[in-house]
Amino acid sequence: MDGQTPVNSGDTILNSSHPVGWELSIVSPDIKEHCGLFGIYRHPAAARLAYLGLFALQHRGEESAGIVASDGQAMTKHIGMGLVEDVFGEEELARLKGHAAIGHTRYSTTGSSLLKNAQPLQVEYSRGGIAIAHNGNLINALLLRDELEARGSIFQTTIDSEVILHLLADPQFAHFEEALTDTLPKLRGAFSLVILREDEVIGVRDPNGFRPLWIGSLGEATVLCSETCALDILGAKPVREVEPGEVVIVNRDGLRSIRPFPKATPSHCIFEHVYFARPDSAIFGDSVHQVRQRLGRRLAREHPVDADVVIPVPDSGNSAALGYSLESGIPFEFGMMRNHYVGRTFIQPRQQTREFQARVKFNPVSAALKGKRVVVVDDSIVRGTTCKTRLKSIRESGAREIHMRVSCPPIMHPCFYGIDFPTKSELIACTHSLEEIRTFLEVDSLGFISLEGLLSAVSGPRESYCTACYSGKYPLPFGPEASKYILERKFSGEAHPIKR
Ligand code: SF4
C-alpha cells in the first residue's frame with residue numbers, strides 16, 4: 001500500500017463523463033489517512049509557517065486544508081477542498097494576519113468530504129472567537145449532539161468536532177479554562193486537538209493518546225504539530241510530545257500544562273507506525289523509520305525464504321524492506337518506480353481498468369527483476385486487489401518467483417478511533433484464509449508478521465498500544481453510534497442508532 005505521499009492509488013474509480021473514449025478517474029486509497037494538525041503562537045508570519053507545516057503533513061489528509069490566524073484581536077480564516085498547495089496561494093496567505101495560527105489537513109473520519117466539514121472550524125460566541133482542529137474520532141459524538149440539540153444548539157456540519165465547539169461555548173462558564181476542563185472529560189474516543197483563541201493556542205491529547213501531537217520551538221515561537229516532520233520543515237526544534245491526557249496552553253505567559261482527565265492507560269495507534277506517519281517523523285517515543293526497519297527484520301526471521309532480491313512497494317514499504325534485506329542478507333533493490341506526479345484525478349482511456357491505473361502509478365524495473373526470485377515487502381494488505389495488480393506486473397517483468405511479505409498482521413476489524421478502513425466484507429483477511437489470499441495474489445509464498453512481532457518493534461510496553469484492527473481488542477468500548485457517518489445518518493431518514 002502506498003501511503004507516504006498525498007496521491008495514492010487504490011481500488012475505487014469513480015467515473016465522470018469526458019470526451020469519447022476517455023474518462024476522468026478519481027483515485028481513492030484503500031485506507032484513508034485521517035488528519036494533520038498544526039498550531040503556532042508568537043511568530044509574525046504564523047500563517048505562512050502553518051502553510052509549510054501543513055505541507056509537511058499533507059500525507060495525513062488530502063481532501064481539504066485550512067488555516068485560521070489571529071492578530072490578538074480578530075481572526076481570519078481560509079479553507080478549501082484539495083491539497084495544501086491548491087488551497088493556498090500568495091493572496092490567501094497575505095490575508096491571514098497575526099502572530100498565532102492553527103491549521104488542518106483533512107481526510108474525512110467523521111462526516112463526508114464536504115467544504116462545510118473542512119477544518120479548522122471557527123465561530124464567534126459570547127467570549128469572543130474560537131477555532132478548533134481535530135484529529136481522531138469521537139465515539140460518543142451522537143450522544144453529545146443529541147443532548148446539545150435538546151438544549152437548542154444548532155449545528156452547521158455533520159462532523160463530530162463541532163460538538164466540542166458547542167460544549168466549549170457553553171455560557172454557564174465565566175472563564176474559558178473552566179469550559180475546557182468541564183468539556184474535555186465528556187469526550188470519548190480519539191482526539192488530538194489544536195484550539196485557537198484570540199491570543200492563545202491550546203493543544204490537547206486524549207487520555208489514551210491514540211493520535212500523536214508534538215510541541216516544538218522556533219526562536220520565541222511555540223509550535224504544535226502531529227508529527228516532527230512539520231517541525232523539520234520550519235527548522236524548529238522538537239521539545240517533547242504532548243502527553244496522553246495533557247492540555248498545553250500557550251499564550252503571552254509561556255506554556256502551561258493542565259490535566260483535566262482521569263488517568264488512563266495509553267493506547268497509541270500502532271498503525272501510525274505501520275503506515276500513516278512519515279518515516280522521517282518520530283511518534284510515541286520512537287523513530288518511525290527505525291520501527292519499520294525492525295518490523296522488516298522481524299519479518300525476515302518469522303518468514304525466511306531463499307531469494308535473490310528484496311524489493312519494497314514504494315514508499316511506505318521502503319524501511320521494512322530494508323530491514324528484511326539487512327536481516328536476511330538478501331540484496332535490497334528498487335524493483336518498482338513510482339510516478340510522483342500522478343494527481344488525485346487523471347484522464348485515462350475509457351476501456352482501461354485499475355491495472356492501467358496501477359501501471360500509471362508504479363512501473364516495475366525489469367532489469368532488477370528478470371529471472372530473479374523476488375521478496376516483495378509491503379506495509380499492509382487491505383482489499384488485496386491493488387496488491388494483486390502490482391504483483392502481476394512484477395511477474396510480467398520476468399520475476400521467476402514472488403514471495404510476498406507484509407509488515408503488519410492481517411487487518412480483520414474496523415477502527416472506531418479515526419482510521420477509515422473498508423467494511424469487513426471488503427477486507428480480504430476477513431473473507432479469505434492465508435492460503436486463499438496467496439492463491440488470489442498468485443504468489444509463491446505469503447507471510448504476515450505476527451502481532452507479537454509487531455509489538456516487539458516498538459519500544460513502549462505492549463499494553464500501551466491499540467492493536468484492535470488486528471486483535472479485535474478495543475481499548476475503549478463503543479456502541480452502535482460510533483460510525484463515521486453517524487451524524488449524517490441521523491438526518492437521512494435512517495433509524496436513530498440509539499433510539500431504536
Ligand atoms: S484499531 Fe487499528 S487503526 Fe484504529 S486506532 Fe487501533 S491500531 Fe489504530
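Every heavy atom of this structure was used, including side-chain atoms; hydrogens, water molecules and symmetry mates were not. Whatever order the structure lists them in is the order used to number ligands and atoms, beginning at 1.
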**Asked** What do the steps show when you test Q119 against S161 for side chain to side chain donor-acceptor pair (under 3.5 Å), and what is the final call?
**Response** CA-CA 9 Å; Q119 297 191 30; S161 320; 3.0 Å; yes
**Message:** Between E62 and T105, do the side chains contain a donor N or O and an acceptor N or O under 3.5 Å apart?
**Reply:**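 Judged by distance alone, the side chains do not pair up.
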**Prompt:** Would you say the side chains of D379 and S316 form a donor-acceptor pair under 3.5 Å?
**Reply:**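 Looking only at side-chain atoms, S316 and D379 do form a donor-acceptor pair, the distance falling under 3.5 Å.
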**Asked** Which residue and non-hydrogen atom of the protein lie closest to atom 5 (S) of ligand 1, and at what distance in Å?
**Response**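 It is R211 NH2, 3.4 Å.
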**Item:** Nearest-0.5 Å distance, CG of residue L184 to CG of residue L187
**Value:**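 That separation rounds to 6.0 Å.
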**Within the 6.0 Å centroid threshold, strictly below: F271 and F421** =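 Between F271 and F421, the centre distance is under 6.0 Å.
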**Message:** Please confirm whether the ring centroid of F155 lies under 6.0 Å from the ring centroid of H166.
**Reply:**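 Judged by ring-centre distance (under 6.0 Å), F155 and H166 do meet the cut-off.
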**Prompt:** Going by chain and residue number, what protein N/O/S atoms come nearer than 2.8 Å to atom 2 (Fe) of ligand 1?
**Reply:**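 Within the sphere that stays under 2.8 Å of atom 2 (Fe) of ligand 1, the protein atoms of type N, O or S are C469 SG.
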